[in-house]
Amino acid sequence: MSKKQRVALLGCGFIGEVHAKNLVAHPGIELVYVADTDPSRVDVFAQRFDTRGATASQAIQDDNIDMVLIASATPTHADLLEAAARAGKAIYCEKPIDLSLDRARRVADAVLPLNVPVTVGFNRRFDASHQQLKQQLRQGRIGDAELIQMVCRSSEMPPLSYLQASGGQMRDQAIHFFDLLRWLTDDEVCEVAAMGSALVQPEITRFGDVDTSVLLMRMQRGALAQLDNTRRTGYGYDERISVMGAKGMLESGSQKPQGVTCYQGSQIQQPGLFPDWFSRVQATYYAQLDAFVRSLNGESATDLPGLEDGLKAQAIAEAAVISLAEGRFCQVAPTTL
């Protein structure tokens, strides 16, 4: 029987709560500590999840801790990741590594030689439909990818306070699909063109953000990809990916929480989409955590995103930010560890 991983959770906000629920539900994990800069949130989490509160430093330095899950505010990720790696812990770090690509590179350069297991929170890879798409692409069912179309349309705008700290739509929302694009195609993005507007919440232009955008990307092997994003749809959460090749097209389509269509008289009523992004992707958080734990116990996990995946997705996001600001095609900076 595999040893239980003794885990410290750093961050007691919304995503911290998502991870806390999965940590206590996982049979291969013991949640030992929760930590946050707000002591009141630590107290609530410690009581709710039947564990102990600690400071981040105390949790990281405890020799009994095997794994640290970093779900704190983005500006803290880099320092906590480096500290946990130097303490010899396995690390699950929410994306991005840091809002600065240069800072993220420096941390990755420092962490990689320490040979600790690290996964970055690109949980969309663990969506069951996207996994099937990847499997069939690996099998060569449609040949090499030639044209990829991706949609990420959230149903409701996040709070303004969240948007101000998020790093912007490219680093916060679109970055998941930059990672999916690389993972699905086994190819790298070399050039990006982005166009965006603040149609839903114009005040976000004060800090250089957009809520509606369209991106064009060229892959190194010549394939072309398109991604459209919006923060608000009015019709539910819409996430889909289609890949066309010489032998056909594969699609991981929008998901519906119910499967029944009602035919009544002259009317047809079909089920709508998931009401929000979290309802659609909730299961993927547990799936990535489970894959990471299994990898720590010696099982192979080829789809787990690591430090280099985090950096490469962020490099695409940085190129997209420059393209938005300057209105031009932008080359993606090479990122190799």
Side-chain angles (χ1 to χ4, degrees), residues 9-11 13-16 18-19 56 68-85 91-112 117-126 150 152 154 158 161-183 188-189 192 194 196 204 207-211 213 215 217 227 229 231 277 281 284-285 288-289 292 304-325 330 332-337:
L9 171 65
L10 312 184
F14 171 75
I15 290 299
V18 172
H19 286 299
V68 171
L69 198 156
I70 301 171
S72 51
T74 297
T76 68
H77 288 183
D79 288 344
L80 292 174
L81 173 60
E82 188 167 357
I91 304 159
Y92 182 130
C93 182
E94 271 297 335
K95 61 81 190 165
I97 298 167
D98 191 82
L99 291 178
S100 162
L101 180 58
D102 287 341
R103 171 69 172 131
R105 280 196 182 108
R106 291 196 301 272
V107 171
D109 286 341
V111 168
L112 194 67
V118 180
T119 191
V120 177
F122 287 125
N123 52 295
R124 297 297 209 284
R125 291 190 184 198
F126 296 87
M150 313 176 83
C152 178
S154 293
S161 58
Y162 173 85
L163 294 173
Q164 287 179 299
S166 71
Q169 191 179 46
M170 299 303 107
R171 299 184 185 98
D172 177 55
Q173 183 181 13
I175 195 170
H176 280 287
F177 290 79
F178 300 150
D179 178 70
L180 283 171
L181 179 59
R182 296 184 53 254
W183 171 65
E188 301 296 340
V189 176
V192 179
I204 66 177
F207 45 90
D209 202 2
V210 298
D211 53 43
S213 59
L215 294 95
M217 290 164 281
L227 168 63
N229 309 270
R231 294 285 198 180
W277 70 272
V281 307
T284 64
Y285 286 97
Q288 181 173 0
L289 175 66
F292 189 49
L304 270 170
L307 278 174
E308 189 164 10
D309 296 305
L311 286 177
K312 288 188 172 181
Q314 192 164 344
I316 302 168
E318 294 305 306
V321 169
I322 294 170
S323 178
L324 273 174
C330 186
V332 177
T335 303
T336 304
L337 293 178

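Predicted model only: the values in this text are computed from it and were never measured. No hydrogens, no waters, no symmetry mates; every other heavy atom, side chains included, goes into these values.
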Asks: Taking the side chain as every heavy atom from C-beta outward, state whether V281 and Y285 have any pair of such atoms under 4.5 Å apart.
Replies: yes

Asks: Distance from K95 atom NZ to I70 atom CD1, nearest 0.5 Å?
Replies: 14.5 Å

Asks: Enter the distance from L81:CG to I97:CD1 here, rounded to the nearest 0.5 Å.
Replies: 6.5 Å

Asks: Can you give me the closest heavy-atom contact between I175 and F122, atom names plus distance?
Replies: O-CE2, 3.9 Å

Asks: As an exercise, state the distance from CG of L215 to CE of M170, rounded to the nearest 0.5 Å.
Replies: 5.0 Å

Asks: Can you give me the closest heavy-atom contact between G196 and V210, atom names plus distance?
Replies: C-CG1, 3.8 Å

Asks: Measure across A194 and S323 and return the closest heavy-atom pair with its distance rounded to 0.1 Å.
Replies: N-OG, 2.8 Å

Asks: Could you state the interatomic distance from OG (S213) to CG (N229), rounded to the nearest 0.5 Å?
Replies: 4.0 Å

Asks: Given side chains that start at C-beta, do those of L180 and W183 come closer than 4.5 Å, heavy atoms only?
Replies: yes

Asks: Would you call C152 and W277 a side-chain contact if the rule is heavy atoms closer than 4.5 Å?
Replies: no

Asks: Supply the atom-to-atom distance L307 CG to C93 SG, rounded to the nearest 0.5 angstrom.
Replies: 8.5 Å

Asks: Donor-acceptor pair, Q314 side chain versus D98 backbone, under 3.5 Å?
Replies: yes

Asks: What heavy-atom pair brings A315 and A333 nearest, and what distance separates the two atoms?
Replies: CB-O, 3.9 Å

Asks: Would you give the length of the straight line joining atom NE2 of H77 to atom CG of L10, rounded to the nearest 0.5 angstrom?
Replies: 9.5 Å

Asks: If we ignore hydrogens and angles and just use 3.5 Å, is the side chain of T119 paired with the main-chain N or O of P305 as donor and acceptor?
Replies: yes

Asks: Which heavy atom of A78 sits nearest a heavy atom of V107, and at what distance?
Replies: CB-CG2, 3.6 Å

Asks: Does D179 come within less than 4.0 Å of R125, counting only side-chain N to carboxylate O?
Replies: yes

Asks: Strictly distance-based, threshold 3.5 Å: is any side-chain N or O of S166 a donor or acceptor partner for the main-chain N or O of L163?
Replies: yes

Asks: Do V332 and E188 come close enough that some side-chain heavy atom pair is under 4.5 Å?
Replies: no

Asks: Do you know which two heavy atoms are closest between F178 and A320, and how far apart they sit?
Replies: CZ-CB, 4.3 Å

Asks: Short question: side chain of Q288, backbone of V120 - any donor-acceptor pair under 3.5 Å?
Replies: yes

Asks: Using modelled atom types only, decide if a donor and an acceptor are shared between the side chain of D209 and the backbone of Q164 within a distance under 3.5 Å.
Replies: no

Asks: Below 4.0 angstrom, N of the basic side chain to O of the carboxylate: do R105 and D102 qualify?
Replies: yes

Asks: Between the side chains of D79 and R103, is the shortest nitrogen-to-carboxylate-oxygen separation below 4.0 Å, so that they form an ion pair?
Replies: yes

Asks: Is any side-chain heavy atom of F126 less than 4.5 Å from a side-chain heavy atom of L304?
Replies: yes

Asks: Quick one: are D309 and R182 in side-chain contact, heavy atoms under 4.5 Å?
Replies: yes

